[in-house]
2 protein chains.
Amino acid sequence: MSKQAGLLPVIDLTADTPCCPPLAQSPVPAQTAAVLAPAFKALGDPVRLRLMSMIASAKSGEACVCDLTPAFDLTGPTISHHLKTLREAGLVDAERRGTWVYYRARPAILRQLAGLLSVEPAAVA
Amino acid sequence: MSKQAGLLPVIDLTADTPCCPPLAQSPVPAQTAAVLAPAFKALGDPVRLRLMSMIASAKSGEACVCDLTPAFDLTGPTISHHLKTLREAGLVDAERRGTWVYYRARPAILRQLAGLLSVEPAAVA
DNA sequence: CGTCTGTCTTGACGTTCGTCGAATCAGAGA
DNA sequence: TCTCTGATTCGACGAACGTCAAGACAGACG
(Lines give C-alpha, C1' and ligand atoms only; values in the text may rest on other atoms or scores of the structure.)
Protein backbone atom coordinates (compact mmCIF):
# COMPACT_ATOMS: atom_id res chain seq x y z
CA MET A 1 0.00 0.00 0.00
CA SER A 2 2.33 2.62 -1.21
CA LYS A 3 1.32 3.08 -4.81
CA GLN A 4 1.03 6.85 -4.95
CA ALA A 5 0.20 7.57 -1.36
CA GLY A 6 2.41 10.61 -1.47
CA LEU A 7 0.02 12.28 -3.86
CA LEU A 8 -3.10 11.85 -1.79
CA PRO A 9 -4.25 14.47 0.69
CA VAL A 10 -3.78 13.67 4.34
CA ILE A 11 -6.66 15.53 5.89
CA ASP A 12 -10.19 15.19 4.65
CA LEU A 13 -12.11 17.75 6.62
CA THR A 14 -14.08 17.97 3.41
CA ALA A 15 -16.53 15.40 4.59
CA ASP A 16 -16.18 15.28 8.35
CA THR A 17 -16.60 18.82 9.52
CA PRO A 18 -20.22 19.98 9.69
CA CYS A 19 -19.43 23.25 7.93
CA CYS A 20 -19.24 25.36 11.07
CA PRO A 21 -20.96 28.69 11.69
CA PRO A 22 -19.13 31.95 10.96
CA LEU A 23 -16.21 32.81 13.17
CA ALA A 24 -17.88 36.09 14.08
CA GLN A 25 -21.07 34.41 15.22
CA SER A 26 -19.86 32.05 17.92
CA PRO A 27 -16.43 31.16 19.31
CA VAL A 28 -14.70 28.49 17.28
CA PRO A 29 -14.22 25.36 19.44
CA ALA A 30 -10.62 24.37 20.10
CA GLN A 31 -11.02 21.16 18.15
CA THR A 32 -12.44 22.92 15.11
CA ALA A 33 -9.65 25.48 15.27
CA ALA A 34 -7.08 22.70 15.34
CA VAL A 35 -8.55 21.19 12.19
CA LEU A 36 -9.11 24.39 10.20
CA ALA A 37 -6.03 26.41 11.19
CA PRO A 38 -3.67 24.29 9.03
CA ALA A 39 -5.71 25.19 5.96
CA PHE A 40 -5.32 28.90 6.67
CA LYS A 41 -1.68 28.32 7.44
CA ALA A 42 -1.24 26.70 4.04
CA LEU A 43 -2.69 29.82 2.42
CA GLY A 44 -0.45 32.01 4.57
CA ASP A 45 2.42 32.02 2.11
CA PRO A 46 2.29 34.28 -0.98
CA VAL A 47 3.62 31.55 -3.25
CA ARG A 48 1.04 29.03 -2.07
CA LEU A 49 -1.76 31.57 -2.25
CA ARG A 50 -0.87 32.21 -5.89
CA LEU A 51 -0.51 28.49 -6.60
CA MET A 52 -3.90 27.84 -5.04
CA SER A 53 -5.43 30.59 -7.14
CA MET A 54 -3.78 29.43 -10.35
CA ILE A 55 -5.10 25.93 -9.76
CA ALA A 56 -8.57 26.99 -8.69
CA SER A 57 -9.01 29.43 -11.55
CA ALA A 58 -7.69 27.15 -14.26
CA LYS A 59 -10.14 27.04 -17.16
CA SER A 60 -10.02 23.26 -17.47
CA GLY A 61 -10.45 22.80 -13.74
CA GLU A 62 -6.92 21.59 -13.32
CA ALA A 63 -3.37 22.86 -13.67
CA CYS A 64 -0.19 21.09 -14.72
CA VAL A 65 2.89 21.50 -12.58
CA CYS A 66 4.73 22.27 -15.79
CA ASP A 67 2.55 25.39 -16.17
CA LEU A 68 2.78 26.36 -12.52
CA THR A 69 6.53 26.21 -12.01
CA PRO A 70 7.67 28.75 -14.63
CA ALA A 71 5.42 31.41 -13.10
CA PHE A 72 7.78 31.73 -10.13
CA ASP A 73 11.43 32.51 -9.58
CA LEU A 74 11.79 29.33 -7.58
CA THR A 75 13.26 25.92 -8.25
CA GLY A 76 11.15 22.90 -9.11
CA PRO A 77 11.66 21.20 -5.75
CA THR A 78 10.50 24.30 -3.94
CA ILE A 79 7.28 24.50 -5.95
CA SER A 80 6.78 20.80 -5.39
CA HIS A 81 7.20 21.34 -1.67
CA HIS A 82 4.56 24.08 -1.63
CA LEU A 83 2.18 21.91 -3.63
CA LYS A 84 2.68 19.14 -1.11
CA THR A 85 1.79 21.56 1.66
CA LEU A 86 -1.44 22.49 -0.13
CA ARG A 87 -2.15 18.79 -0.64
CA GLU A 88 -1.58 17.92 3.00
CA ALA A 89 -3.84 20.78 4.02
CA GLY A 90 -6.60 19.19 1.93
CA LEU A 91 -6.86 22.17 -0.38
CA VAL A 92 -5.93 20.42 -3.61
CA ASP A 93 -5.82 17.01 -5.21
CA ALA A 94 -3.09 15.67 -7.45
CA GLU A 95 -3.27 13.16 -10.26
CA ARG A 96 -0.52 11.88 -12.49
CA ARG A 97 -1.41 11.29 -16.12
CA GLY A 98 1.47 10.03 -18.14
CA THR A 99 4.44 12.31 -17.84
CA TRP A 100 2.65 15.18 -16.16
CA VAL A 101 1.00 15.76 -12.80
CA TYR A 102 -2.20 17.76 -12.61
CA TYR A 103 -3.54 19.61 -9.60
CA ARG A 104 -7.17 20.32 -8.94
CA ALA A 105 -8.84 22.48 -6.27
CA ARG A 106 -11.23 21.13 -3.65
CA PRO A 107 -14.06 23.68 -3.68
CA ALA A 108 -15.74 22.23 -0.59
CA ILE A 109 -12.90 23.31 1.66
CA LEU A 110 -12.67 26.73 0.11
CA ARG A 111 -16.36 27.19 0.75
CA GLN A 112 -15.92 26.05 4.31
CA LEU A 113 -13.13 28.53 4.96
CA ALA A 114 -15.04 31.32 3.26
CA GLY A 115 -18.08 30.51 5.38
CA LEU A 116 -16.06 30.64 8.55
CA LEU A 117 -14.81 34.09 7.62
CA SER A 118 -18.15 35.42 6.45
CA VAL A 119 -19.64 38.44 8.17
CA GLU A 120 -23.08 39.99 7.83
CA PRO A 121 -22.70 42.50 5.01
CA ALA A 122 -24.67 45.27 6.72
CA ALA A 123 -23.81 44.73 10.35
CA VAL A 124 -21.32 47.56 10.71
CA ALA A 125 -21.50 51.34 10.87
CA MET B 1 5.33 60.09 18.43
CA SER B 2 5.34 56.99 20.44
CA LYS B 3 2.28 57.30 22.56
CA GLN B 4 0.71 53.90 21.97
CA ALA B 5 2.07 53.08 18.57
CA GLY B 6 2.52 49.51 19.67
CA LEU B 7 -1.19 49.07 19.86
CA LEU B 8 -2.00 50.27 16.38
CA PRO B 9 -2.20 47.93 13.40
CA VAL B 10 0.64 48.08 10.93
CA ILE B 11 -1.12 47.16 7.72
CA ASP B 12 -4.29 48.81 6.56
CA LEU B 13 -5.31 46.87 3.53
CA THR B 14 -8.77 47.69 4.79
CA ALA B 15 -8.99 50.78 2.68
CA ASP B 16 -6.41 50.36 -0.06
CA THR B 17 -7.18 47.05 -1.64
CA PRO B 18 -10.12 47.13 -4.06
CA CYS B 19 -11.64 43.98 -2.60
CA CYS B 20 -10.27 41.62 -5.20
CA PRO B 21 -12.17 38.98 -7.18
CA PRO B 22 -12.42 35.43 -5.88
CA LEU B 23 -9.27 33.37 -5.89
CA ALA B 24 -11.03 30.77 -8.04
CA GLN B 25 -12.02 33.29 -10.68
CA SER B 26 -8.70 34.75 -11.75
CA PRO B 27 -5.10 34.23 -10.63
CA VAL B 28 -4.20 36.37 -7.64
CA PRO B 29 -1.49 38.86 -8.64
CA ALA B 30 1.82 38.49 -6.84
CA GLN B 31 1.44 41.84 -5.14
CA THR B 32 -2.03 41.05 -3.86
CA ALA B 33 -0.81 37.70 -2.60
CA ALA B 34 2.00 39.40 -0.75
CA VAL B 35 -0.46 41.69 1.00
CA LEU B 36 -3.15 39.13 1.82
CA ALA B 37 -1.05 36.09 2.70
CA PRO B 38 0.04 37.51 6.08
CA ALA B 39 -3.61 37.75 7.11
CA PHE B 40 -4.17 34.06 6.34
CA LYS B 41 -0.91 33.28 8.06
CA ALA B 42 -2.11 35.05 11.18
CA LEU B 43 -5.22 32.84 11.16
CA GLY B 44 -3.05 29.78 10.59
CA ASP B 45 -2.52 29.08 14.27
CA PRO B 46 -5.26 27.41 16.32
CA VAL B 47 -4.79 29.78 19.24
CA ARG B 48 -5.03 32.85 17.05
CA LEU B 49 -8.01 31.47 15.16
CA ARG B 50 -9.83 31.02 18.45
CA LEU B 51 -8.73 34.43 19.70
CA MET B 52 -9.97 36.01 16.47
CA SER B 53 -13.29 34.23 16.83
CA MET B 54 -13.70 35.13 20.49
CA ILE B 55 -13.06 38.77 19.65
CA ALA B 56 -15.25 38.84 16.55
CA SER B 57 -18.14 37.07 18.20
CA ALA B 58 -18.10 39.08 21.42
CA LYS B 59 -21.56 40.37 22.18
CA SER B 60 -20.39 43.88 22.97
CA GLY B 61 -18.25 44.00 19.86
CA GLU B 62 -15.06 43.88 21.85
CA ALA B 63 -13.20 41.51 24.14
CA CYS B 64 -10.97 42.19 27.13
CA VAL B 65 -7.60 40.49 27.34
CA CYS B 66 -8.57 39.52 30.85
CA ASP B 67 -11.40 37.41 29.41
CA LEU B 68 -9.32 35.99 26.58
CA THR B 69 -6.29 34.78 28.50
CA PRO B 70 -7.97 32.35 30.94
CA ALA B 71 -9.50 30.45 28.01
CA PHE B 72 -6.09 29.00 27.13
CA ASP B 73 -3.43 26.95 28.85
CA LEU B 74 -0.86 29.56 27.92
CA THR B 75 0.92 32.33 29.76
CA GLY B 76 -0.09 35.98 29.52
CA PRO B 77 2.91 36.98 27.42
CA THR B 78 2.15 34.26 24.90
CA ILE B 79 -1.45 35.41 24.47
CA SER B 80 -0.20 38.96 24.20
CA HIS B 81 2.19 37.88 21.49
CA HIS B 82 -0.58 36.22 19.49
CA LEU B 83 -2.78 39.29 19.85
CA LYS B 84 0.06 41.40 18.55
CA THR B 85 0.31 39.12 15.53
CA LEU B 86 -3.40 39.56 14.82
CA ARG B 87 -2.98 43.30 15.25
CA GLU B 88 -0.05 43.49 12.86
CA ALA B 89 -2.00 41.47 10.32
CA GLY B 90 -4.68 44.14 10.44
CA LEU B 91 -7.30 41.74 11.72
CA VAL B 92 -8.03 43.44 15.03
CA ASP B 93 -7.75 46.79 16.76
CA ALA B 94 -6.72 47.35 20.34
CA GLU B 95 -7.69 50.08 22.75
CA ARG B 96 -6.69 50.61 26.33
CA ARG B 97 -9.38 51.90 28.68
CA GLY B 98 -8.11 52.31 32.20
CA THR B 99 -6.60 49.13 33.47
CA TRP B 100 -7.83 46.85 30.72
CA VAL B 101 -7.13 46.50 27.03
CA TYR B 102 -9.98 45.72 24.67
CA TYR B 103 -9.70 44.11 21.25
CA ARG B 104 -12.12 44.60 18.42
CA ALA B 105 -12.41 42.84 15.06
CA ARG B 106 -12.09 44.60 11.71
CA PRO B 107 -14.98 43.20 9.68
CA ALA B 108 -13.77 44.75 6.43
CA ILE B 109 -10.74 42.50 6.28
CA LEU B 110 -12.70 39.41 7.21
CA ARG B 111 -15.09 40.17 4.38
CA GLN B 112 -12.20 40.64 2.01
CA LEU B 113 -10.65 37.32 2.92
CA ALA B 114 -14.01 35.57 2.72
CA GLY B 115 -14.60 37.10 -0.70
CA LEU B 116 -11.26 35.89 -1.94
CA LEU B 117 -12.11 32.36 -0.87
CA SER B 118 -15.66 32.41 -2.18
CA VAL B 119 -16.72 29.89 -4.81
CA GLU B 120 -19.87 29.64 -6.84
CA PRO B 121 -22.23 27.58 -4.66
CA ALA B 122 -23.48 25.37 -7.49
CA ALA B 123 -20.42 24.99 -9.64
CA VAL B 124 -19.51 21.44 -8.65
CA ALA B 125 -20.90 18.01 -9.29
C1' DC C 1 3.93 58.83 46.91
C1' DG C 2 3.98 53.73 47.12
C1' DT C 3 1.95 49.56 45.88
C1' DC C 4 -0.92 46.49 43.48
C1' DT C 5 -2.96 44.54 39.27
C1' DG C 6 -3.15 43.92 34.36
C1' DT C 7 -0.70 44.02 30.04
C1' DC C 8 3.19 44.36 27.08
C1' DT C 9 8.25 43.84 25.92
C1' DT C 10 12.63 41.54 26.07
C1' DG C 11 15.72 37.70 25.71
C1' DA C 12 16.23 33.03 25.22
C1' DC C 13 15.08 28.17 23.91
C1' DG C 14 13.81 24.49 20.72
C1' DT C 15 10.93 23.71 16.65
C1' DT C 16 9.17 24.52 12.22
C1' DC C 17 9.45 26.82 7.75
C1' DG C 18 11.21 28.21 2.98
C1' DT C 19 14.73 27.44 0.03
C1' DC C 20 18.24 25.08 -2.52
C1' DG C 21 21.29 21.26 -4.74
C1' DA C 22 21.67 16.48 -5.35
C1' DA C 23 19.61 12.23 -5.75
C1' DT C 24 15.57 9.44 -6.82
C1' DC C 25 11.31 7.93 -8.98
C1' DA C 26 7.78 7.51 -13.00
C1' DG C 27 6.66 7.36 -17.83
C1' DA C 28 7.63 8.07 -22.78
C1' DG C 29 10.12 6.98 -26.60
C1' DA C 30 14.18 5.39 -29.41
C1' DT D 1 16.82 -1.85 -22.53
C1' DC D 2 18.70 2.67 -22.26
C1' DT D 3 18.06 7.36 -22.08
C1' DC D 4 15.60 11.56 -21.58
C1' DT D 5 12.30 14.59 -19.32
C1' DG D 6 9.15 15.94 -15.59
C1' DA D 7 8.14 15.67 -10.73
C1' DT D 8 9.13 14.32 -6.08
C1' DT D 9 12.06 13.20 -2.08
C1' DC D 10 16.20 13.82 0.74
C1' DG D 11 19.59 16.50 3.36
C1' DA D 12 21.09 20.76 4.73
C1' DC D 13 21.07 25.68 5.78
C1' DG D 14 19.47 30.22 7.72
C1' DA D 15 15.24 32.56 9.07
C1' DA D 16 11.01 32.81 11.40
C1' DC D 17 7.81 30.92 14.80
C1' DG D 18 5.62 29.54 19.50
C1' DT D 19 6.57 29.40 23.99
C1' DC D 20 8.19 30.81 28.50
C1' DA D 21 10.43 33.45 32.58
C1' DA D 22 11.80 37.84 33.95
C1' DG D 23 11.43 42.50 33.67
C1' DA D 24 9.17 47.02 32.35
C1' DC D 25 5.23 49.89 31.73
C1' DA D 26 0.39 51.94 32.63
C1' DG D 27 -3.49 52.99 35.63
C1' DA D 28 -6.06 52.54 39.88
C1' DC D 29 -6.30 53.01 44.66
C1' DG D 30 -4.71 53.79 49.24
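Every chain is numbered from 1, with letters handed out A, B, ... down the list of sequences.
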Next on the checklist: Please classify the nucleic acid contact of A:Gly98 as base, sugar-phosphate, or nothing, using heavy-atom distances under 4.0 Å.
Outcome noted: sugar-phosphate
Checklist entry - Separation of B:Arg96 atom CZ from D:dC25 atom C1', in whole Å? => result 8 Å
Checklist entry - Side chain of B:Ser53, backbone of A:Ser26: donor and acceptor closer than 3.5 Å? => result yes
Checklist entry - Looking across every strand, which nucleic acid part, if any, lies under 4.0 Å from B:His82 by heavy atom: base, sugar-phosphate, or nothing? => result sugar-phosphate
Checklist entry - What is the nucleic acid contact for B:Leu74, judged by heavy atoms within less than 4.0 Å: base, sugar-phosphate only, or nothing? => result sugar-phosphate
Checklist entry - Is any side-chain N or O of A:Tyr102 closer than 4.0 Å to OP1 or OP2 of D:dG6? => result no
Item to check | Separation of C:dT19 P from A:Leu51 CG (nearest whole Å) | outcome: 10 Å
Item to check | Flag side-chain contact, heavy atom, 4.5 Å: B:Leu116 against B:Thr32 | outcome: no
Checklist entry - Could you state the CG-C1' distance from B:Leu83 to C:dT9, rounded to the nearest angstrom? => result 14 Å
Next on the checklist: Rounding to an integer number of Å, can you tell me how far A:Ile55 CD1 sits from D:dA7 C1'?
Outcome noted: 14 Å
Checklist entry - CZ of A:Phe72 versus P of C:dC20: gap in Å, rounded? => result 12 Å
Checklist entry - With no hydrogens and no angle check, is any side-chain donor or acceptor of B:Thr69 less than 3.5 Å from a backbone partner on B:Val65? => result yes
Checklist entry - Separation of A:His81 atom NE2 from C:dC17 atom C1', in whole Å? => result 7 Å
Next on the checklist: For A:Val47 and B:Cys64, find the nucleotide of DNA chain C closest to each by heavy atoms; which residue's nucleotide sits nearer the 5' end?
Outcome noted: B:Cys64
Checklist entry - Within the side chain of A:Ser118, is there an N or O that forms a donor-acceptor pair under 3.5 Å with the backbone of A:Gly115? => result yes
Checklist entry - Is any side-chain nitrogen or oxygen of A:Thr78 closer than 4.0 Å to OP1 or OP2 of C:dC20? => result yes
Next on the checklist: When you measure from the side chain of A:Arg111 to the backbone of B:Glu120, do you find a donor-acceptor pair of N or O atoms at a distance under 3.5 Å?
Outcome noted: yes
Item to check | Atom-to-atom span, CG of A:Leu49 to P of C:dG18 - whole angstrom | outcome: 13 Å
Next on the checklist: Does a side-chain N or O of B:Lys41 approach OP1 or OP2 of D:dC17 to a distance below 4.0 Å, or not?
Outcome noted: yes
Next on the checklist: Side-chain N or O of A:Thr99 versus OP1/OP2 of C:dA28: is the shortest distance under 4.0 Å?
Outcome noted: no
Checklist entry - Of the nucleotides D:dT9, D:dC20, C:dT9, which one has an atom closest to the side chain of B:Thr75? => result D:dC20
Next on the checklist: What's B:Arg48 touching, base or sugar-phosphate or nothing? Going by heavy atoms closer than 4.0 Å.
Outcome noted: sugar-phosphate
Checklist entry - Over how many whole Å does the gap from B:Glu88 atom CD to D:dA16 atom P extend? => result 14 Å
